[in-house]
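Structure record follows, encoded as structure tokens.
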Amino acid sequence: MRLSRYFLPVLKENPAEAQIASHRYMLRAGMIKQQAAGIYSWLPMGFRVLRRIEEIVHQEQVRAGHIPLLMPTLQPADLWRESGRYDDYGEEMLRITDRHKRDMLYGPTNEEMITDIFRAHVGSYKDLPLTLYHIQWKFRDEIRPRFGVMRGREFLMKDGYNFDLTKEDALHAYNRHMVSYLRTYERMGLTAIPMRAASGPIGGDNTHEFLVLAQTGESEVFYDDRVMALKLGARDIDYDDKDQVANVCEEFTTLYARTDETHDAGAFETVPEAHRKVGRGIEVGQIFYFGTKYSEPMGATVVTADGARVPVHMGSHGIGVSRLLGAIIEANHDDKGIIWPEGVTPFPVGIVNLKQGDAATDAACAEIYAALRARGLEALYDDRDERAGAKFASMDLIGLPWRITVGPRGLASGKVELTSRRSGESEEMSAADAVERISSIYQGI
RNA sequence: CGGAGCGUAGCGCAGCCUGGUAGCGCACCUGCUUCGGGAGCAGGGGGUCGGAGGUUCGAAUCCUCUCGCUCCGACCA
């Protein structure tokens with residue numbers, strides 16, 4: 001993409017309303033525009049990252065054997081009357097009346113609707129296990145939205161629902177979600193720690209929240225800092241292997257890690273003092289097992305092998321997709337701007353043309369751009385007629401992990417400069433080598 | 001919802017206290033110079049001062065109401 005033809009309204013000054021780094025940088029880097037309290041338009045740069053995150057979530061869900069579908073944002077109130085949550089949910093639920101005076105609502109979550117779909121089409125134990133998920137906009141009418149997309153009223157969320165014959169199978173689904181979530185966050189360059197959590201309005205006994213440590217997080221967290229070293233890495237996981245999946249979960253949940261809601265001061269004392277940490281975290285996902293809480297009142301049952309009709313065991317599992325942008329930036333920025341991890345960056349690399357209009361630099365940039373494209377990498381090419389300083393500042397702000405700088409000075413000796421946004425280190429090399437290097441960095445991402 | 005504040009050009013702000021016909025920086029447009037870390041000079045365009053009512057000869061400024069937004073608290077993926 002040529003920057004001169006793109007739509008990237010960067011701001012030089014800090015918007016007054018943004019209090020935290022991620023919000024500030026998302027506004028300044030032209031990623032979002034607020035339209036009302038807690039409601040945002042996603043401008044092209046922000047939209048690219050949002051789509052990228054969505055894509056990773058989808059890939060990891062499918063890898064775990066889960067099946068995508070799409071449910072609507074608007075739901076009939078009657079479904080929620082069946083589960084009893086129409087009255088329980090309170091002011092946070094946005095209620096709407098249509099022209100026929102029918103009660104509707106903008107979905108804050110989809111347990112009722114997915115259960116409705118299930119009961120309409122599934123009747124036999126032979127159809128289980130089944131896990132369906134979607135990535136859809138939700139609305140929760142927060143009393144006080146804040147921190148940009150971290151705490152918006154409208155937000156994009158992946159929510160998945162498992163249906164199993166037995167509690168044991170449902171707990172395997174729970175574990176499977178935990179492992180797939182760990183992998184999802186790792187691919188985004190995040191360390192998200194599963195912490196025992198409280199269940200809230202979804203209900204259920206088993207639940208973990210995934211927290212990304214950040215000073216600006218909204219939850220207070222207590223943890224053994226050795227959890228930070230745990231990584232899934234490249235290990236091969238068979239999501240159907242109950243023992244393997246359970247073992248991974250055990251590995252990641254044995255060390256002490258809890259939010260203030262479930263904190264146990266006594267147990268925390270047993271953590272060696274050197275590893276005992278108190279901090280703050282951003283919640284980027286949560287998994288629940290809640291048994292028959294919805295299947296029973298809503299009649300989601302299957303017939304078993306011996307002819308009995310039983311309610312299915314369910315769980316629900318969410319990832320805050322739009323919130324993740326905020327969390328990733330909170331964990332990856334400096335005083336100049338964002339530093340995108342390679343897994344989610346809007347563009348893999350930026351090309352800075354230091355002398356727009358100079359035949360040699362223009363040609364070198366075009367060549368690099370084309371060579372990257374031939375390798376399936378779309379660079380953001382700053383071909384604006386701007387001074388070097390302005391181009392560097394923009395690149396630093398929007399945070400592409402790599403920058404190829406092309407100027408007459410370097411070209412004189414056949415070199416361009418490859419710079420890491422994260423380390424700030426630069427290296428001179430030929431254009432072909434720079435393309436090769438970028439290409440190998442993104443191999444497999 | 002309780003407490004605190006703010007709405008003046010695309011963004012950041014001054015002006016309001018003490019009414020007199022709107023200003024600064026950035027951005028934008030034109031020209032010249034400059035050109036490896038947010039350039040300089042000169043010229044230029046852009047604002048029903050959130051909205052409605054009121055007081056007054058006169059309101060961005062004073063009064064009343066209203067809408068929106070932000071911050072602290074309780075609530076949350």
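So that the names make sense, note that chain A is the first sequence line, chain B the second, and so on, each numbered from 1. Not measured: the values here are computed from a predicted model.
Nucleotide B:C35: unpaired (no Watson-Crick or G-U wobble partner with both distances less than 3.5 Å). In a base pair of the Watson-Crick type (N1 to N3 plus N6-O4 or O6-N4) or a G-U wobble (N1-O2 and O6-N3), with each distance short of 3.5 Å, B:A14 is matched with no nucleotide.
Rounding to the nearest 0.5 Å places OG1 of A:Thr253 at 12.5 Å from CD1 of A:Ile193.
Residue A:Gly152 is classed as a base contact, given a heavy-atom separation below 4.0 Å to a base. If you check every strand for non-hydrogen atoms under 4.0 Å, A:Arg153 touches nothing. Here A:Gln34 lies in heavy-atom contact (under 4.0 Å) with sugar-phosphate atoms only. Residue A:Ser394 is in base contact, counting any heavy-atom pair closer than 4.0 Å across all strands shown.
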Ignoring hydrogens and angles, write down the donor-acceptor pairs under 3.5 Å from the side chains of residues 397-410 of chain A, residues two or more places apart or on other chains.
{"residue": "A:Trp402", "atom": "NE1", "partner": "A:Glu342", "partner atom": "OE2", "Å": "2.7"}
{"residue": "A:Arg403", "atom": "NE", "partner": "A:Thr405", "partner atom": "OG1", "Å": "3.0"}

Extract all donor-acceptor atom pairs below 3.5 Å that involve side chains of residues 214-221 of chain A and protein atoms in other chains or at least two apart in sequence.
{"residue": "A:Thr216", "atom": "OG1", "partner": "A:Glu330", "partner atom": "OE1", "Å": "2.7"}
{"residue": "A:Glu218", "atom": "OE1", "partner": "A:Arg151", "partner atom": "NH1", "Å": "2.9"}

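Here salt bridge (charged side-chain N to carboxylate O under 4.0 Å, His left out) pairs that include residues 58-76 of chain A, with residues two or more places apart or in two chains, are A:Glu60-A:Arg63, A:Glu60-A:Arg183, A:Glu60-A:Arg187.
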Protein-nucleic acid N or O pairs under 3.5 Å, nucleotides 34-37 of chain B:
{"residue": "B:U34", "atom": "O2", "partner": "A:Arg387", "partner atom": "NH1", "Å": "2.6"}
{"residue": "B:G36", "atom": "O2'", "partner": "A:Arg409", "partner atom": "NH1", "Å": "3.3"}
{"residue": "B:G36", "atom": "O6", "partner": "A:Gly410", "partner atom": "N", "Å": "3.3"}
{"residue": "B:G36", "atom": "N2", "partner": "A:Glu417", "partner atom": "OE1", "Å": "2.8"}
{"residue": "B:G36", "atom": "N2", "partner": "A:Glu417", "partner atom": "OE2", "Å": "2.9"}
{"residue": "B:G37", "atom": "O6", "partner": "A:Arg403", "partner atom": "NH1", "Å": "3.2"}
{"residue": "B:G37", "atom": "O6", "partner": "A:Arg403", "partner atom": "NH2", "Å": "3.1"}
{"residue": "B:G37", "atom": "N1", "partner": "A:Asp396", "partner atom": "OD2", "Å": "3.0"}
{"residue": "B:G37", "atom": "N2", "partner": "A:Asp396", "partner atom": "OD2", "Å": "2.2"}

Distances under 3.5 Å only, N/O to N/O: pair up the protein atoms with those of nucleotides 72-75 of chain B.
{"residue": "B:C72", "atom": "OP2", "partner": "A:Arg144", "partner atom": "NH1", "Å": "3.0"}
{"residue": "B:C72", "atom": "OP2", "partner": "A:Arg144", "partner atom": "NH2", "Å": "2.4"}
{"residue": "B:C75", "atom": "O2", "partner": "A:Glu142", "partner atom": "OE1", "Å": "3.4"}
{"residue": "B:C75", "atom": "O2", "partner": "A:Arg151", "partner atom": "NH2", "Å": "3.0"}
{"residue": "B:C75", "atom": "N3", "partner": "A:Arg151", "partner atom": "NH2", "Å": "2.6"}
{"residue": "B:C75", "atom": "N4", "partner": "A:Arg146", "partner atom": "NH2", "Å": "3.1"}

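Shown here are the side chain to side chain donor-acceptor pair (under 3.5 Å) partners of A:Thr259, two or more places apart in sequence or in another chain: there are none. For A:Glu283, the side chain to side chain donor-acceptor pair (under 3.5 Å) criterion is met by no residue, not counting sequence neighbours. For A:Asp260, there are no salt bridge (Lys or Arg N to Asp or Glu O under 4.0 Å) partners two or more places apart in sequence or in a different chain. Residues forming a side chain to side chain donor-acceptor pair (under 3.5 Å) with A:Glu17 (at least two apart in sequence, or on another chain): none. By the side chain to side chain donor-acceptor pair (under 3.5 Å) test, A:Asp264 is found to be paired with no residue, residues two or more places apart in sequence or in another chain being considered.
Remark: A:Gln35 CD is packed, more than 12 non-hydrogen atoms of other residues, nucleotides or ligands lying under 6.0 Å away.
Nearest-nucleotide assignment on RNA chain B puts the 5′-proximal partner with A:Pro145, out of A:Gly320 and A:Pro145.
Atom C1' of B:U8 sits at a distance of 8 Å from the matching atom of B:G47, rounded to the whole Å. Rounded to a whole angstrom, the distance from the C1' atom of B:G46 to that of B:U66 is 29 Å.
Less than 4.0 Å separates RNA chain B from no heavy atom of any residue of residues 59-76 of chain A.
Shown are A:Tyr6, A:Tyr442, A:Tyr369; of these, the ring pair (Phe, Tyr, Trp, His ring centres under 6.0 Å) with A:Phe347 is made only by A:Tyr6.
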task: Quick one, give me the B/S/- string for nucleotides 5-16 of chain B, reading 5' to 3', where B means a protein heavy atom under 4.0 Å from the base and S means that only happens at the primed atoms, P, OP1 or OP2.
output: ------BSS---
